[in-house]
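See structure below.
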Amino acid sequence: MAEAENQGPSSADRNGAGPRGACRLGGESADSRAMNFRSGHCGALRVKDVGQRATLAGWVGSRRDHGGVIFVDLRDREGITQVVFRPEEHAATAGAAHNLRDEDVIKISGTVAKRLEGTENAKLSTGEIEIVADDLQILNKADVLPFPLDEQIANEDLRLTHRYLDLRRPGMAANLQLRHRVIKTVRDILDGDGFWEIETPILSKSTPEGARDFLVPSRLNPGNFYALPQAPQQYKQLLMAAGVEKYFQIARCFRDEDLRADRQPEFTQADIEMSFVTAEDLFALIEKMFVAVFRAAHGVEITTPFPRLTHREAMDRFGSDKPDTRWTQEIVDVGDIFAGTEFKVFRGALDSGGVVRALNAKGLAKITTGQIEELTEMAKQFGAKGLAFIKCENGEWKSPIVKFFTEAEKASLRERLRIEDGDLVLFGADQWEIVCEVLGRVRLRAVELIGLTHDPKRLDFLWVVDFPLLAWSDEEQKWNAVHHPFTRPKAEDLPLLEAKKYAEVRAEAYDIVLNGVEIGGGSIRIHEADLQSVMFNVLGVNEEQQASMFGHLLKAFKFGTPPHGGIALGLDRLIMLLAGAESIRDVIAFPKNNRGIELMTGSPSPADFRQLRELSISSTKKA
RNA sequence: GGAGCCUUAGCUCAAUUGGUUAGAGCGCUGCCCUGUCACGGCAGAGGUUGCGGGUUCGAGUCCCGUAGGCUCCGCCA
């Protein structure tokens, strides 16, 4: 495959021309197509077009009616053009224009004219011209709008109920366009690299582990249910067994869990799987893809390769498996400084095999007592017994615990944490895992409390690698897969797996993180039936269950499945970050609200009795 | 399942310690206005302060409950 194919869309592509070799169907520029209904879009006309006739169609953005002359800002998705109605030239047309109101859909014809000296509008790309209309057709009248389209509106309920209006707003339209651009770039890059886009079933099989499934009753098989896929995981591995070698899919995934600003019950992943690859091959591919995506979406050049942190290191330094490294303050071990301390809390933690660690929250000494309490409350929520602190103000250390410190301890602390006036030092003393988690959470909250706003152009990508393979669940009293049951243990840790030292086994698994948001994750998979069976056994899936639930996969592994691995990128979150949005709802055309309701159509809704009877199901819900 | 914040006109918001007839801007309706682009001017309509209960001489304001929205925790292989 020619290298040039891997360079991503050119700047011309951003105007819709498409990269070399890409399918051109539907890829033409919006204005290059022959237009019969209208002569062009509302963002197109310039001074060079003065004197020409033009026919435009669109929505009435605003009407400025001077009693005589009337101005209308005509808007379509490409821009705004000012239309002038002059009663002295076209009385009937101008007369009709008096009755226009916001969001009426109209078609106008007229002559492109240079605006009068001094009345140009620098805010519009078409601001040097206007169309003197001699014909006006009202294509559809609009009622009074439920909310204004030209300003930010907080009421998301109302926006979602009238989403088609919300999406007319330029900001939202830009998000949709950005989404299209990102997804097209992903497709182009993968196509250029020899990947095949293959659709896998939406009506598929329930998986025992993982999130709750959405179930679909089968009419033809009464009492049986399809599950909507949480991810195309098994199918894509079976495509590797099928010899596809390079697969991808812009895949809709479904998980019946509670919603969040960054979680919808249905969401979109760029799902990728390759045969005969190492993790390094995947990292290189994904980095190349991000270079192309950020070039196409933002015109920025990002730096590769991305830094890497092991999971252990990420937890140790940032208290998170998806560190936000834009704020450079890290969690630091101070156990050695307090090796001889008499302070009971530190002494107790160290004596019981725990750690004492600290975070210097630079510039947070101005924190209020209430905010300290909030941080303490949060620390307790994540398993700490409390949250010790030192406020460094006006040259003195204000703290309930500093009286227990020796001068030498204070001096060492000052040096290691680079403590200066205005800092707030927070301590964690407990088992390593708890301290990391607590200080990691506190670290993120501290950034909010400082009111720190990061440079919006800053893009801190990183790979988190060497995730643990397994995690103990107290609730279920069993080992669960941290990534998923098909993830490959690191070769050098296989002896640990055999020795049943499950907590120590690392996986060939990796996440990609951008500015503290997990935007993708993947692994090298198990491709041997024996090893997969061992893995299932560890997870408490017995032989019988293995045969009934995963027999197809185990069988495929026995018929020559190649070594393979892959990754899935969360496109909604990625596009959210690119758009600078605070919720993935802002980059999804028709999202659901917090309770999983799509307010515009009102789904979900009750099913009538006949429908349920046909499906052989009844509801346990009391009416 | 849990915690926090919020709910006043179509929209965005205000209303002092609990005190007169709940206000403003935008939008809407009518009239006027020939170079605006947040056009301008005059006039007008529009409210069971989410809902239910309580305290009080008096509640948008205080208390209890409830509904809805958002954010977070749990959950999300």
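Numbered from 1 within each chain, the chains take letters A, B, ... in sequence-line order. Given the structure is predicted, the values throughout are model-derived calculations rather than measurements.
A:Leu116 comes within contact range of at least one nucleobase, with a heavy-atom separation under 4.0 Å.
At a cut-off of 3.5 angstrom, the base of B:U36 holds at least one donor-acceptor pair with the side chain of A:Gln82. For A:Glu151 against B:U12, a side-chain-to-base donor-acceptor contact under 3.5 Å is absent.
Counting only residues at least two apart or on different chains, no salt bridge (charged side-chain N to carboxylate O under 4.0 Å, His left out) pair has a member in residues 107-118 of chain A. Among residue pairs with one or both ends in residues 519-544 of chain A, those qualifying as ring-ring contact (aromatic ring centres under 6.0 Å, His included) are A:Phe536-A:Phe550; sequence neighbours excluded.
For the residue pair A:Thr93 / A:Asp134, no side-chain donor-acceptor distance below 3.5 Å is found, with atom types taken as modelled. Residues A:Gln249 and A:Thr200 bring a donor and an acceptor atom of their side chains to less than 3.5 Å of each other.
Stacking between A:Phe71 and B:U36 is shown: the ring centroid lies under 5.5 Å from the centre of the six-membered base ring, and the planes differ by under 30°.
Checking the phosphate oxygens (OP1, OP2) of B:U29, a side-chain nitrogen or oxygen of A:Arg101 falls inside 4.0 Å.
Residues A:His98 and A:Phe85 place their aromatic rings such that the two centres sit no closer than 6.0 Å.
Rounded to whole angstrom, the span from the CG atom of A:Asp102 across to the P atom of B:C39 amounts to 9 Å.
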Base, backbone or nothing for each nucleotide of nucleotides 65-77 of chain B, written B, S, -, heavy atoms under 4.0 angstrom, 5' to 3'?
---SSBBSBBBBB
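A 4.5 Å side-chain heavy-atom check between A:Leu160 and A:Asp166 finds every atom pair outside the cut-off.
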